[in-house]
Amino acid sequence: MGLLSDPNRRKAITSLTLSVLPDVVCYLAGIAWFMGLAFEPFTLRTYMSENAMGSTMVEERFPSGERALATAREFAAHKKKVGGMPVDWLVKTMRAQGLEVFTQSFSRNLPFPDESKERFVVRGTNVYGILRAPRAPRTEALVLSAPCSPGNSNNQAVGLLLGLAQYFRSQIYWAKDIIFLVNEHDLIGVQAWLEGYHHTNITGMGYTPLQGRAGSIQAALSLELNSDVVTSLDLVLEGLNGQLPNLDLANLFHAFCQKLGILCTIQGKLQRSDWDTVEGYTHSAQTMLLMVLKQASGRPWGEHGLFLRYHIEAASIRGVNSFRQYKTDATSIGRLFEGMVRKLNNLLERLHQSYFFYLMPSLTRFVSIGYYMPAFGLLTTILLLRALDLWVHLGTPTPVTEDGVGEGESPSSPGLLSVLTPVVISHLTGVALYTLPVLSQEMAVEHFPVSETEAVVLTAIAIYTAGLALPHNTHRLISGEGTEQGWRVLKLVALLYLAVLLGCTALINFSLGFILAVTLVPAAACVTPHVPKALSAVAMVLLSPGCTILYCVFLFQELQEVPVSLAEGWMLFLSVISQGILDHALYGSLVYPLLALLVYPCWLLFWNILFWK
Amino acid sequence: MAAPLTLVLILSVTIRAVLFRSSLAELISERVEVVSPLNAWKRVVEGLALLDLGVSPYSGDVFHETPLVIYLFHFVVDYAEIVFMVSTFEFSGKYNLFIKQKYALEADRYPHDCLELMRSPKEMHYIPLKVAMFYLLNPFTILSCVAKSTCGLNNAVMALFILSTLKGSALLSAIFLALATYQSIYPLTLFAPGLLFLLQRLYIPVNPCRSRFWFFTVQYSVMFIGSLLVIVCLSFFLLGSWDFIPSVYGFILSVPDLTPNIGLFWYFFAEMFEHFRFFFICVFQINVFFYTIPLSVKLKEHPVFLIFMQIAIISIFKSYPTVGDIALYMAFLPVWSHLYRFLRNIFLVSCVLLACTALFPVLWHLWIYAGSANSNFYYAITLLFNVGQILLVSDYFYAYLRREHHLSQGLYLRRKDGSEATLVLK
């Protein structure tokens, strides 16, 4: 307690906060720490924590890869004939394999049509077959899913799924029910199925109740396969709102890829062994940044993303066919799945031993929460230091001479009231940004020559920009504010608000919190009414949350090695916004409401301080 | 004075009414921070249903409220929302007489330069309004009220006790204290400050050699114990059995329900081996009562501040605390606004409390819904929240003693050699 009660030490602490140096050091240290996470000696090697999956041996014997591909071709033919999902054929085939087969139909009205598919109402059917466990009470289940996508894609995935079902049926060692799910309309179908399975309705989906059910789902694997042979398999982990499955699932995948000699990637990047060269470091930094960007987007990056919300560990496995020489056939992929499902079948409890909060610079290396949180902590420290500085300024018009005495009057109540107005107004702007784009699309379409999707995105951008005009308006509304004390109190409130907001965000979705902190913290720390207006206004706009999204789009394209021109990038940015709004409406992704209702108003407060008169 | 108070009342009624009607009400009433097994409305409804069926509400392990509360709601269950609102508003009316006499007492006794430490009558005039505002517009109270937690009723009884004590009515004070004790045992520790205040009002010195002191102490104790007996017997006659004693008081003292909450008990006792349990329960429970003795000795001249300290300690160390309990002592903070200049860690403490309040739901989500965090995360925040509260209370305690010191010694202290002196608490 000496630190807090001894006046001399307190003085030392407060004098430390008055200089700018610690801020700069903290910021640079935070960024450096984060970039250092991709450096291999600083990361941990992945290891299997779960005993039930680690020590037991399984033998993969799946023989019928060719037959699975034949089934895939049959499926493709039927799909083409029906012009959608061949429900009857699927039901017949699954039933012939001895599964209990059920269907579920669903329909969903989209708030506005999505860009690529131009659809307002989505109607479809899910087909799933349950293989009952012969060896145990049917209280637990595993899910294998494959999407029935339009066009020619993913036929092989469905074929392999059916092949696996047939093979699994003849085995006797299953202790958990296995559900084979073929869903229509990608994520919307999965969402309907999961809601039906768990008797919830959180997104306003219309669906028929499920007729058959297995036990509580322990894990799910989703398969996406587009060609008869693949060169490598890519593991996708990022789920809704940046949730990740237990790291053991990734370990399991990697272990079997090693065993079967299949090339495996994460974020589409192969592992490199030369970590001590510049190229090696850049490679793992790129992999990690891709993961950070994907996680920050809060989107489900594969079908598994929606399972995670129901506390089901899930991952998507995507077959990639590139120009590489070395090919893997369907039999090997089938064996990989057989092995993974058999190990999951051995689980005695839910996957919980390993990490849930991690970043992966490569498939064999990971950074856990204890290692990456300090990077974020260093950035938030700046906010707290600035807040402490302001507090000291507010408390002492005269320098402190002795402990306590002389620490002046409290922030006066008129100051507090004048703070309330900007806070309320910027939050109302946030509410407008959240509600108006979807509500006003019809009106916009009537008056302007744009499609519904464009209308939503452009309205959002218009409201976002209109928010910048606010500070002048609030000043006209209230006379008698604009004191030196006033903006200090406002900035203090805004700094604490931002710190708490970013802290909570980083706990739920580290990547999002960190990316926002990187751009918002410098703006928040530096802004005062006394800096040159025009220059800092430009800087503020460049550091605003909207521009952050734009940078992320360009960075993402750059890292994926498909760089785009400015115009293409802009179009991509627009589609990212519409996708974000749609993800919120369809799956309950929280990034859009977070940005519109909390982060943007918070940034507006700092904008307000800049134009404080 | 009346107009702003009405405004605050209307504003707070509106907020509550809107929240009652919104979909948030159900969500709030499920939060573990807002309701505890003792005061959850869901459990009261369950108890009422059992009572209507002619079964003792205490059979089973759901209902833990006192019999009087259940009979109260038996008659007004349809108007439950209104009852909760009324009980909140009763509170606001309480401080009208607050501490006015203290000023008169203090005026001439102290050195001249301390005048700036005194509160002007004008500031005093606004204190009841500020207290009402702090209580009615405190998000904690609003949450607690919208969740229909019976904590609001307990707070109202405590408020009535404080009001009647300040007005100097010994009988009413004893009755309300008995009611509050009957509701949740812990207010028993308020007996000491209540007695001290009444003694002070009657100008009876706290001196064990004087017969008047003993006479009044016995008188007050008899009133308190008498009314407690009457209330307990009344419950017995209403219910026809003593079931409620183990089910209410046993439940409070032995802490069998380890649902996570913002208190300190649940994690410890969930982790503990069974044969240590009794010992540690004693240790934890004594914690609440023990501080009464040293605090009463130290603060015997300042019973009102003692009441504040006691309420704060109860709400930190009680077995099933909710945010409603915290709101009760936070409502006192404007009364001590004159201590502001002596507070040392108020910024740190308010940041901690603010951050913890935001982190509670986040970590709960991560633990229960996402499954990625675990109970340690949530308990870490609980612990930090309570450390923040303890720092807050001890800071106020320090500031109060410091002010007293300056009142008697003069504001600007000198060393013997004439240089400026600083006070250091190590």
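A note on names: the letters A, B, ... follow the listed sequences, proteins ahead of strands, and every chain is numbered from 1. The shown structure was predicted, so the numbers you read here are calculated from the model rather than taken from an experiment.
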Distance-only donor-acceptor hits, side chain of residues 353-368 of chain B, under 3.5 Å, sequence neighbours excluded:
| unit_1 | atom_1 | unit_2 | atom_2 | d |
| --- | --- | --- | --- | --- |
| Thr357(B) | OG1 | Leu353(B) | O | 2.5 |

Contact class of Ile508(A) relative to chain B, heavy atoms under 4.5 angstrom | both
Heavy-atom neighbours of Phe377(B) CZ exceed 12 at 6.0 Å = yes
For chain A, which residues from residues 380-390 of chain B have at least one heavy atom closer than 4.5 Å to it?
-> none
Decide if atom CD of Glu271(B) counts as having more than 12 heavy atoms of other residues, nucleotides or ligands within a radius under 6.0 Å.
-> yes
Between CH2 of Trp391(A) and SG of Cys351(B), what distance do you get to the nearest 0.5 Å?
-> 8.5 Å
Grab the two heavy atoms, one from Phe356(A) and one from Ser372(B), that are nearest each other, plus how far apart they are.
-> CB-CB, 3.4 Å
Going through the distances and angles, do Phe347(B) and Leu390(A) end up as a side chain to side chain contact (heavy atoms under 4.5 Å, CB included)?
-> CA-CA 11 Å; Phe347(B) 178 67; Leu390(A) 279 172; over 6 Å; no
Heavy-atom proximity to chain B below 4.5 Å, by part of Ala499(A) | neither
Part of Leu492(A) lying under 4.5 Å from any heavy atom of chain B | side chain
